[in-house]
There are 2 protein chains.
Amino acid sequence: MREWNQVSEWTSGQSGEVPHTDCPVRKVLDHVTSRWGVWVLMALAGGDLRFHELRGRIPGVSEKMLSQTLRTLVRDGLVWRAVEPATPPRVTYGLTPLGRGAGEPMATLLGWIRDHAGDILATQSEYDRACAK
Amino acid sequence: MREWNQVSEWTSGQSGEVPHTDCPVRKVLDHVTSRWGVWVLMALAGGDLRFHELRGRIPGVSEKMLSQTLRTLVRDGLVWRAVEPATPPRVTYGLTPLGRGAGEPMATLLGWIRDHAGDILATQSEYDRACAK
DNA sequence: CAGTATCCTGGGGGATACTG
DNA sequence: CAGTATCCCCCAGGATACTG
């Protein structure tokens, strides 16, 4: 594993000054960890899906946010979009190799969090009790 | 690897209805992938640090956001905080075992993104050109 | 040194309505 | 079916000032 001490390496290849927002790493991270981006990636990892199938699998997502999220991920090259010209239109989404590459470590992180959510909640109660007294 | 098709599994252990915001997995994910949380975790992975050392290693972070982020991570049990009573005060932060556990997959994800940022940027230019014409 | 308190703004994202 | 368009609210987070 490489050295993480120099966080500034990540800003943009340059040191200091540069706000993290302009860092491409930050941007992609924001996209894949975005409120709905995560679930889109996870849902598509199970197989290609059409717009409304995807919507059905992600409880709570609005059409606006779903299409917005998809556009971002397509633009990043993580998701592909295929239109079959027909009436009614058929649009299918799926993961690109790049998307599968991003989804894997994301799934690992998510899996870790799921497995330790209990510990974390427990720590919080303990912490809150300690603060209360 | 497990099945990801049923995204609703993640909402809260329950199906449907529950907005993702209330899901503990979502909360912890938001904390560790938060604007400054990521860099705090990465910086502390290199060793324990005091408040201003940490600030120095994370370009652009304000004192407000640093302390706010630290409080969240301490509450989650991912970071510990040690106060040496003295004047001036010495406060040191470091990763708990839980924090190291979360930091590892996070670092993997970050590493993947760093290694593929080039490909992603390239895809974007290509995509933008395709849209322009 | 290690923070808190206060004020303020941008844009993420929800609700609703409309379209090819 | 697969989206856009519009309005609007909320709060993450920056700037600035103050404290034990």
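Note that the structure is a prediction, hence the values are computed from the model and not measured.
Proximity of residues 62-83 of chain B to DNA chain C (heavy atom under 4.0 angstrom from any strand atom) is restricted to E63(B), K64(B), S67(B), R71(B), R81(B). Contacts between residues 84-92 of chain A and DNA chain C, counted as heavy-atom distances below 4.0 Å, involve P89(A).
Contact between the side-chain N/O atoms of R35(B) and the OP1/OP2 oxygens of dA12(D) is not found at any separation under 4.0 Å.
Listed by chain and residue number, H31(B), D76(B) satisfy the side-chain contact (heavy atoms from CB on, under 4.5 Å) test with T72(B) (two or more places apart in sequence, or in another chain). Considering only residues two or more places apart in sequence or on other chains, D30(A) meets the salt bridge (Lys or Arg N to Asp or Glu O under 4.0 Å) condition with R26(A). Residues satisfying the side-chain contact (heavy atoms from CB on, under 4.5 Å) criterion with V28(A), sequence neighbours excluded, are V32(A), I113(B), I120(B).
For the strand DNA chain D, secondary-structure stems (runs of at least three Watson-Crick or G-U pairs, all distances below 3.5 Å) span C:1-20 with D:1-20.
The shortest distance between side-chain heavy atoms of T92(B) and L49(B) does not fall below 4.5 Å. By the 4.5 Å heavy-atom criterion applied to side chains, M65(B) and R35(B) are not counted as neighbours. Side-chain contact between W80(A) and D48(A): present, with at least one pair of heavy atoms (C-beta onward) separated by less than 4.5 Å.
The distance between atom CH2 of W36(A) and atom C1' of dG3(D), rounded to the nearest whole Å, is 18 Å. Taking atom NZ of residue K27(A) and atom P of nucleotide dG12(C), one finds them 11 Å apart after rounding to whole Å. Straight-line distance from the CD1 atom of I58(A) to the P atom of dG14(C): 12 Å, rounded to whole Å. Rounded to a whole Å, the CZ atom of F51(B) is 5 Å from the P atom of dG3(C). When the P atom of dC1(D) is taken as reference, atom CZ of R55(A) falls 11 Å away, rounded to whole Å. Look at CG on D30(A): it is 10 Å from P on dG13(C), rounded to the nearest Å. Put simply, CH2 on W39(B) is 14 Å from P on dG13(D), counting in whole angstrom units.
Pairing each heavy atom of G77(B) with each of T96(B), the nearest pair is O-OG1, 2.6 Å. For the pair L109(B) and A102(A), the tightest heavy-atom approach, listed with the atom from each and the gap, is CD1-O, 4.0 Å.
At a threshold of 4.5 Å between side-chain heavy atoms, the hydrophobic network of Ile, Leu, Val, Met, Phe, Trp and Tyr places W39(B) and W112(B) in one connected group.
Between the side chain of E53(A) and the backbone N or O of R50(A) there is at least one donor-acceptor pair closer than 3.5 Å. Under the 3.5 Å distance criterion, the side-chain polar atoms of R100(A) are matched with a main-chain donor or acceptor of L95(A).
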